[in-house]
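First up is the structure itself, then whatever we jot down about it.
Every chain is numbered from 1, with letters handed out A, B, ... down the list of sequences. Side chains are part of it too, since the values below use all heavy atoms of this structure and drop only hydrogens, waters and symmetry mates.
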There are 2 protein chains.
Amino acid sequence: MIPSALEALIEALRCLPGVGPKSAQRMAYHLLQRDRNGALHLARALEKATTTIHHCSKCNNFSEQEVCALCASPKRDAGTLCVVEMPADLLMMEQTQCYRGMYYVLMGRLSPLDGIGAKELHLDRLIRRVQEHPCEVILATNFTVEGDATAHYLATLLQSAGVKVSRIARGLPVGGELEQVDSGTLAQAMLERREILI
Amino acid sequence: MIPSALEALIEALRCLPGVGPKSAQRMAYHLLQRDRNGALHLARALEKATTTIHHCSKCNNFSEQEVCALCASPKRDAGTLCVVEMPADLLMMEQTQCYRGMYYVLMGRLSPLDGIGAKELHLDRLIRRVQEHPCEVILATNFTVEGDATAHYLATLLQSAGVKVSRIARGLPVGGELEQVDSGTLAQAMLERREILI
């Protein structure tokens with residue numbers, strides 16, 4: 001009853017994260033019924049991206065070149081290396097316009113339950129890079145359980161290799177009110193209080 | 001900072017229904033990071049489907065042939081035509097194994113707010129088909145506001161063309177208990193009660 005090419009498309013759409021059989025079917029019907037141009041366009045974009053996009057050999061971010069524009073820029077300070085989980089985190093950091101150092105993108109976080117360990121994240125590449133070009137490492141992984149565990153693991157590894165390691169600060173957001181912040185954040189802000197030097 | 005091929009892929013993924021900028025980004029990262037084979041496979045499936053799948057000239061369902069297997073089958077009863085909204089509805093109906101007639105798939109429903117009127121649904125094709133091959137029309141659109149409106153509109157059109165039109169029954173589900181059914185369904189089941197003839 002279902003044409004084989006349609007069945008194949010529904011099956012292929014399931015490689016997208018968060019797409020189950022029902023939404024794959026809905027997507028396939030939508031594309032064939034209302035947006036065939038969009039479907040062809042998507043097919044070409046997928047092919048182009050999978051063939052041209054690799055990982056930057058220095059920061060591990062997605063890049064079409066061997067070394068990405070950011071790593072190749074002479075304006076960046078090679079004395080600090082900010083470690084983030086995902087490319088989107090790097091973009092957020094860049095939007096602050098307060099950091100001019102280099103980056104390393106883990107492309108994930110330690111997550112033993114999902115089978116992602118130190119080997120899958122290629123942490124050895126990060127260690128080697130820091131050993132070849134000594135610098136301060138700023139751990140900017142998320143403040144989730146997994147992000148924290150990743151930061152802790154990296155800190156242990158890097159400190160034993162004699163590298164200066166820091167973690168971005170945890171506390172109340174700018175404009176944050178004590179009344180509205182969750183108690184975990186407030187507790188951390190108390191623990192990690194800083195002396196005021198005038 | 002984002003390679004252009006990656007940006008193009010994120011943009012292209014947004015043609016999928018229910019996919020906004022954030023999930024498009026997540027999908028693109030996932031494909032490039034963990035499932036490049038899946039991405040290429042999807043690209044090929046999209047191209048194949050858009051080039052080979054058309055609408056059956058009789059029932060309007062998706063088909064790789066000019067006339068789909070179901071419409072071409074000599075075993076089906078041409079005396080009844082069941083009108084459904086989507087191909088998935090046709091499949092559900094076939095699973096009941098109690099209907100041996102023909103189908104017409106609207107590929108949608110009347111939905112003025114989304115700009116889908118009688119013209120967009122090509123209802124004239126359905127009317128012409130019934131006029132050329134007179135039969136009983138069974139309206140099996142959903143019992144939603146839009147599905148009901150579509151059925152009502154079609155019934156008016158078809159009856160003025162002298163066609164016998166019926167609507168599938170509304171009532172308690174098989175195995176349904178009065179205590180658990182919603183009051184709207186129960187009210188309809190009361191209104192549409194049938195005389196018991198022994």
(request) Enter the distance from N37(A):CG to T50(B):OG1 here, rounded to the nearest 0.5 Å. (result) 9.5 Å
(message) Would you say that more than 12 heavy atoms from the other residues, nucleotides or ligands in this model lie under 6.0 Å from the OH of Y99(A), or not?
(response) yes
(request) State plainly whether one hydrophobic cluster holds both M93(A) and F62(A), where clusters connect Ile, Leu, Val, Met, Phe, Trp and Tyr through side-chain heavy atoms under 4.5 angstrom apart. (result) yes
(message) Could you check whether any side-chain N or O of E64(A) sits under 3.5 Å from a backbone N or O of S4(B), counting only pairs where one atom can act as donor and the other as acceptor?
(response) yes
(request) Check each atom of Q25(A) against the heavy atoms of chain B and say whether the ones under 4.5 Å are side chain, backbone, both or neither. (result) side chain
(message) Any non-hydrogen side-chain atom of M107(A) less than 4.5 Å from a side-chain atom of Y29(B)?
(response) no
(message) What part of E11(A) gets within 4.5 angstrom of chain B, counting heavy atoms only: side chain, backbone, both, or neither?
(response) neither
(request) Against chain A, label Q65(B) side chain, backbone, both or neither, depending on which of its atoms sit under 4.5 Å from a heavy atom there. (result) neither
(request) Examine whether an atom of L91(A) lies under 4.5 Å from a heavy atom of chain B, and if so say whether it belongs to the side chain, the backbone or both; otherwise answer neither. (result) side chain
(request) Below 4.5 Å from any heavy atom of chain A, which atoms of L90(B) appear? Answer side chain, backbone, both or neither. (result) side chain
(request) Enter the distance from L32(A):CG to H54(B):NE2 here, rounded to the nearest 0.5 Å. (result) 10.0 Å
(message) Membership question, hydrophobic clusters at under 4.5 Å side-chain separation (ILVMFWY): are V83(B) and I138(B) in the same one?
(response) no
(request) To the nearest 0.5 Å, tell me how far L42(B) CG sits from C15(A) SG. (result) 5.0 Å
(message) Heavy-atom cut-off 4.5 Å, strictly under: side chain, backbone, both or neither for A69(B) against chain A?
(response) neither
(message) Heavy-atom cut-off 4.5 Å, strictly under: side chain, backbone, both or neither for T52(A) against chain B?
(response) side chain
(message) For a 4.5 angstrom cut-off between non-hydrogen side-chain atoms, does L46(A) reach L40(B)?
(response) no
(request) Specify which of S23(B), A12(B), P17(B) makes the most heavy-atom pairs with chain A at under 4.5 Å. (result) P17(B)
(request) Find out if a path of hydrophobic residues (ILVMFWY) with successive side-chain heavy-atom gaps under 4.5 Å connects L157(B) to I116(B). (result) yes
(request) Examine whether an atom of L13(B) lies under 4.5 Å from a heavy atom of chain A, and if so say whether it belongs to the side chain, the backbone or both; otherwise answer neither. (result) both
(message) If I measure from the heavy atoms of chain A, does I53(B) come under 4.5 Å with its side chain, its backbone, both, or neither?
(response) both
(message) According to a hydrophobic-cluster definition based on side-chain heavy atoms being under 4.5 Å apart (Ile, Leu, Val, Met, Phe, Trp, Tyr only), do L139(A) and V84(A) belong together?
(response) no
(request) Evaluate the side-chain proximity of R26(B) to M86(A): yes if any heavy-atom separation is below 4.5 Å, no if none is. (result) no
(message) Just so I understand: if I count every heavy-atom pair under 4.5 Å between each of G18(B), C68(B), P87(B), A8(B) and chain A, which residue has the most?
(response) P87(B)
(request) Sort R34(A) into side chain, backbone, both or neither according to what part of it lies under 4.5 angstrom from a heavy atom of chain B. (result) side chain
(message) Taking side chain as everything from C-beta outward and backbone as N, CA, C, O, which of these in L9(A) sits under 4.5 Å from a heavy atom of chain B? Side chain, backbone, both or neither.
(response) both
(message) Counting only non-hydrogen atoms closer than 4.5 Å, does A28(A) touch chain B with its backbone (N, CA, C, O), its side chain (CB onward), both, or neither?
(response) neither
(request) Determine, using the 4.5 Å side-chain heavy-atom cutoff (strictly less than), whether L81(B) and L123(B) are members of one ILVMFWY cluster. (result) yes
